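Some notes on the structure that comes next.
All values below were derived from every heavy atom in this structure, side-chain atoms included, with hydrogens, water molecules and symmetry-related copies excluded. Model, not experiment: these values are computed from the prediction.
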Amino acid sequence: MASQGTSAGGVHEKMIGIVKNMTADWDTGFDGEIGSGTRLIGDLGFESIDVVHLVVAIETTFGRSDLPFEDLLMRDGRYVDELTIGDAVTFLEKHL
């Protein structure tokens with residue numbers, strides 16, 4: 001049985017919290033509600049260094065430094081062009 005922090009809803013809420021915390025003082029121009037379909041690069045203006053900060057925040061939040069982030073960030077040997085909150089949640093639910 002998953003704990004509150006790693007249940008489907010718990011992972012989703014924690015992921016949204018991480019992203020909201022990271023972007024709180026950014027001028028993203030994004031007027032919508034941050035949710036599963038929110039694109040980190042296209043909607044929120046993440047750059048590569050922000051993705052690195054996101055990985056560190058995920059590791060810290062979930063207390064795990066052994067997650068295979070290459071599964072999230074790379075496809076066919078290349079870095080992905082876009083990630084959504086939902087992509088990260090699906091990855092975390094699979095690996096936590």
Side-chain angles (χ1 to χ4, degrees):
M1 182 170 166
S3 70
Q4 174 62 18
T6 59
S7 68
V11 171
H12 185 261
E13 290 307 311
K14 283 186 176 192
M15 191 64 212
I16 288 175
I18 291 168
V19 171
K20 282 183 176 180
N21 185 49
M22 285 183 68
T23 60
D25 60 350
W26 296 4
D27 182 17
T28 64
F30 181 68
D31 294 329
E33 182 68 26
I34 293 177
S36 292
T38 304
R39 299 172 303 154
L40 298 180
I41 297 165
D43 293 331
L44 301 178
F46 269 55
E47 296 187 16
S48 58
I49 189 66
D50 301 315
V51 174
V52 171
H53 286 276
L54 177 65
V55 165
V56 171
I58 289 169
E59 288 177 339
T60 301
T61 298
F62 292 98
R64 296 278 304 270
S65 61
D66 61 341
L67 297 171
F69 282 101
E70 63 276 5
D71 291 354
L72 175 65
L73 303 174
M74 299 187 80
R75 298 284 183 278
D76 300 321
R78 296 179 164 216
Y79 285 103
V80 296
D81 293 329
E82 186 62 86
L83 288 172
T84 65
I85 299 278
D87 294 335
V89 169
T90 299
F91 164 80
L92 289 168
E93 289 172 347
K94 179 179 178 183
H95 294 287
L96 287 176

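- Two residues are said to be in side-chain contact when any heavy atoms from C-beta on lie closer than 4.5 Å; L44 and M22 fail this criterion.
- Judged by distance alone, the side chain of E93 and the main-chain N or O of V11 form no donor-acceptor pair under 3.5 Å.
- Here the straight-line distance linking atom OG1 of T28 with atom CG of L40 works out to 11.5 Å at 0.5 Å rounding.
- One hydrophobic cluster, built from ILVMFWY side chains closer than 4.5 Å, holds both V80 and V19.
- Between H12 and S36, the shortest heavy-atom contact is NE2-OG, 2.8 Å.
- A salt bridge does not link K20 to E13: none of the charged side-chain nitrogens sits closer than 4.0 Å to a carboxylate oxygen.
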*Output, in order, the C-alpha distance, side-chain angles, deciding distance and verdict of side chain to side chain contact (heavy atoms under 4.5 Å, CB included) for D43 and T84.*
CA-CA 9 Å; D43 293 331; T84 65; over 6 Å; no
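- Counting heavy atoms from C-beta on, the side chains of W26 and D50 come closer than 4.5 Å.
- Hydrophobic clustering (side-chain heavy atoms under 4.5 Å, transitive across Ile, Leu, Val, Met, Phe, Trp, Tyr) groups L67 together with M74.
- Between D66 and R64, at least one side-chain nitrogen of the basic residue sits less than 4.0 Å from a carboxylate oxygen of the acidic one, meeting the salt-bridge criterion.
- In this structure, I58 and I18 have side chains that are in contact, with non-hydrogen atoms separated by less than 4.5 Å.
- At a threshold of 4.5 Å between non-hydrogen side-chain atoms, the residues T90 and L72 do not count as touching.
- At least one side-chain heavy atom of L54 sits under 4.5 Å from a side-chain heavy atom of M15.
- Side chain of T38 to backbone of G35: a donor-acceptor contact under 3.5 angstrom is found.
- Crowding of E47 atom CD: a count of heavy atoms from other residues, nucleotides or ligands under 6.0 Å not exceeding 12.
- I85 has its side chain within reach of I34: a pair of non-hydrogen atoms, C-beta onward, lies under 4.5 Å apart.
- Residues F46 and H53 are not in side-chain contact: their nearest non-hydrogen atoms beyond the backbone lie 4.5 Å or more apart.
- V56 and F62 fall into different hydrophobic clusters, defined by Ile, Leu, Val, Met, Phe, Trp and Tyr side-chain heavy atoms under 4.5 Å apart, directly or through other members.
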